Amino acid sequence: MKTFSRRGFLTASAAMLAASRFPTRAHAQQAPALGLSAASRTLDINGRAATVFGLAGPEGQGLILDPGQHFRVDLTNELEVPTIVHWHGQIPPNVQDGVPDMPQPLLTPGETRSFDFAPLPGTHWMHSHVPMQEMQLLAAPLIVRRPEDVAADRQEAVLFLHDFSFKAPEEVMEEILRGHGGKHGNGDADATPGVDHSGMDHGAGAMGDMSENMGSMDMSAMDLNDYDWDAYLANDRTLSDPEIVQVEKGGRVRLRIINGASATVFWIDTGAVEGRLVAVDGHEVQPVAGSRFGVAMGQRLDIEIDLPNEGGAWPVLARREGARERTGIVLATSGAAVKKISSLAETEAPAFDIDLGQEARLRAIDTLPAREADRTHMVMLGGSMQPYVWTIDGATWGRHRPIQATSGQRVELMFHNMSMMGHPMHLHGHAFQVVGINNRRFAGARRDTVYVPPMSMVTVALDAGEAANWMLHCHHMPHLESGMMTEFRVTA
């Protein structure tokens, strides 16, 4: 993955740039459109060749834009199948949002489509909005740098996470649907066999004892990891051959971490060097110190690390929740010995943010203006492992009831999860602010993807934007593939 010198981007050595797998920044604000190709590529995964998809920019997978640079891109489909790309975290005109037939159709093989909009700065990414294709790694970083990023005396590194199977995604989904995809807990959406709770109308009063319930819940009561993937990747590599990021003694590193996985939540473990969480989903937060931070599918974390003045090697590991598997990169000074790291930890990682303790600690730097909500909507999240069906407001896509709003309205969405799996909920075309957890109100982080653990409620506020139909869905790809999506329908 490309890194940037803490002495300034333009002073990066040619050797470092040549060795990088991911792109340098795109040059010149008024330059011609950048080429981006959806294409097949081959990875070496634990000594075995794997053909996957990808998004190739001018100098590698993904794009990095300069401060103030327009997102001016010509996307070409070099695959043998139709595709489309969503610019996750960005707020383009709805016609450029990248959802099949809403309103533009898929790109046919060989077709090129142009995009041009002013991007939001921060750590974002781009991926196919065909769930099966994202499971084939049709995804890549999209970094938009701020002026302060260029001026800062620090290095940057991107850590792009994914899960991978050598099987075709159709086979993966078939195994999941049969209930043979992976290890999970004993819970499902139904406490009583044969009773479907996913469509029930649970009022806000049902939240009364939720905080207490979550405090006593353990992993055995939850459905975790509904598929055991063949490998877990950091910058397209496993820990059998991790990327070594060369760093300076006593330097500062800003890690831009993107969870592009289809169905895996990760804990980021900075090990012997403590970090500071300074941004989530591309939006700055008041710094939170620590050495372990969780990141759900679709979410991003920016973590700053101050390295010791002595030389050495410091692994940054991503641990799969509720399991022993892990992946990661290694930060190392020149000449430092890098020890072999097992892809299996000695113990299982805990489930992610069951009590929403991490989310509750986050405070946005750029908050929404104070304002009463014009419209509220309780968004019920339901479903079960058997049958494998996941719903929003009791319905799957095609039978859904759109959530209505008027452009300019302050809207609050209360995501109420009554299933036993967590759901990272992503809204297109908007950045929202977390304003409530269960019964507690507070001014939390700005986001575009919020994780809602089992038996919990998270409330977000936003100002409805362009009058259009915007997607609202779970970013767990097998859940999305099984219909966990609805529309946020904004009218003028």
Side-chain angles (χ1 to χ4, degrees), residues 1-7 12-13 15-24 43-47 60-62 64 123 141 143 154-164 231-261 264 266-278 290-295 300-320 323-347 349:
M1 182 67 71
K2 189 76 65 184
T3 61
F4 313 113
S5 168
R6 68 187 283 263
R7 301 300 179 197
S13 71
M16 286 183 66
L17 297 184
S20 299
R21 290 174 173 241
F22 283 81
T24 60
L43 301 180
D44 181 340
I45 297 180
N46 293 333
Q61 291 294 305
I64 297 174
T123 301
I143 309 301
R154 68 183 178 220
Q155 180 177 342
E156 295 185 9
V158 178
L159 174 53
F160 192 83
L161 299 167
H162 221 299
D163 40 27
F164 168 80
Y232 300 88
L233 309 179
N235 299 351
D236 289 339
R237 301 164 77 162
T238 68
L239 281 176
S240 66
D241 179 30
E243 180 172 11
I244 310 300
V245 178
Q246 187 172 337
V247 294
E248 300 177 8
K249 298 176 182 179
R252 174 171 293 178
V253 180
R254 186 178 182 118
L255 291 174
R256 297 183 180 270
I257 300 165
I258 302 165
N259 188 350
T264 304
F266 291 100
W267 287 102
I268 305 302
D269 186 351
T270 62
V273 287
E274 186 173 85
R276 293 180 303 280
L277 179 61
V278 296
S291 58
R292 190 183 72 173
F293 303 95
V295 57
R300 290 86 69 206
L301 304 178
D302 283 26
I303 298 175
E304 286 190 348
I305 294 174
D306 290 326
L307 298 172
N309 291 323
E310 303 78 20
W314 302 277
V316 177
L317 301 177
R319 300 186 60 190
R320 181 189 183 206
R324 295 173 58 202
E325 291 88 352
R326 59 188 180 182
T327 186
I329 62 175
V330 179
L331 309 178
T333 56
S334 179
V338 178
K339 296 180 180 179
K340 185 74 174 178
I341 305 171
S342 173
S343 62
L344 292 176
E346 293 183 359
T347 59

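Note that this is a predicted model, so its numbers are computed, not measured.
- In plain terms, the two heavy atoms of L239 and S343 that are nearest each other are CD1-CA, 4.0 Å.
- For D44, the side chain to side chain contact (heavy atoms under 4.5 Å, CB included) test picks out no residue, with sequence neighbours left out.
- In terms of heavy atoms, E156 sits closest to R256 at OE1-NE, 3.1 Å.
- Checked against R276 for a side-chain contact (heavy atoms from CB on, under 4.5 Å), the options T270, D306, I305 give a single hit: D306.
- Side chain of Q155 to backbone of Q246: a donor-acceptor contact under 3.5 angstrom is found.
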message: What verdict does the side chain to side chain contact (heavy atoms under 4.5 Å, CB included) test give for L301 and L159, after you've listed the backbone C-alpha separation in whole Å, the side-chain angles of each residue and the deciding distance to 0.1 Å?
response: CA-CA 10 Å; L301 304 178; L159 174 53; over 6 Å; no
Donor-acceptor pairs under 3.5 angstrom involving side-chain atoms of residues 335-342: please list them, not counting sequence neighbours.
{"unit_1": "K340", "atom_1": "NZ", "unit_2": "S240", "atom_2": "O", "d": "3.1"}
{"unit_1": "S342", "atom_1": "OG", "unit_2": "L344", "atom_2": "N", "d": "3.0"}
{"unit_1": "S342", "atom_1": "OG", "unit_2": "L344", "atom_2": "O", "d": "3.1"}

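- In this structure, T333 contributes its side chain and G312 its backbone to a donor-acceptor pair below 3.5 Å.
- Inspection of the T123 and R300 side chains reveals no N or O donor paired with an N or O acceptor under 3.5 Å.
- Among residues two or more places apart in sequence or in another chain, the side chain to side chain donor-acceptor pair (under 3.5 Å) test is passed with T264 by D163.
- Looking at every heavy atom in both residues, F293 comes nearest to L277 through CE2-CB, 3.7 Å.
- Counting heavy atoms from C-beta on, the side chains of P308 and V273 come closer than 4.5 Å.
- Ion pairing between a basic and an acidic side chain is recognised when a charged N comes within 4.0 Å of a carboxylate O; R292 and D269 show no such pairing.
- Of all the heavy atoms in F266 and R320, the pair that sits closest is CD2-N, 4.0 Å.
- In this structure, CD1 in I257 is found 13.0 Å from CZ in F160, a value given to the nearest 0.5 Å.
- Residues passing the ring pair (Phe, Tyr, Trp, His ring centres under 6.0 Å) test with W267 are F352, sequence neighbours excluded.
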message: Let's go through I303 and V316 carefully: what are the C-alpha distance in whole Å and the side-chain angles of both, what is the deciding distance for side chain to side chain contact (heavy atoms under 4.5 Å, CB included) to 0.1 Å, and is it a yes or a no?
response: CA-CA 11 Å; I303 298 175; V316 177; over 6 Å; no
message: Could you go through L161 and I268, starting from their C-alpha distance and side-chain angles, then the distance that decides it, and tell me whether this counts as side chain to side chain contact (heavy atoms under 4.5 Å, CB included)?
response: CA-CA 11 Å; L161 299 167; I268 305 302; 3.9 Å; yes
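- For the pair W314/V247, a side-chain contact is recorded, criterion being any heavy-atom separation below 4.5 Å from C-beta on.
- Under the ring pair (Phe, Tyr, Trp, His ring centres under 6.0 Å) criterion, F164 pairs with F166, sequence neighbours left out.
- Taking the salt bridge (Lys or Arg N to Asp or Glu O under 4.0 Å) definition, one finds that R254 meets it with D302, E304, sequence neighbours left out.
- Within the 3.5 Å criterion, the main-chain N or O of G260 finds a donor-acceptor partner in the side chain of H162.
- In terms of heavy atoms, N309 sits closest to G250 at OD1-CA, 3.4 Å.
- Minimum interatomic distance between P242 and G328 (heavy atoms only, all atoms of both residues): CB-O, 3.8 Å.
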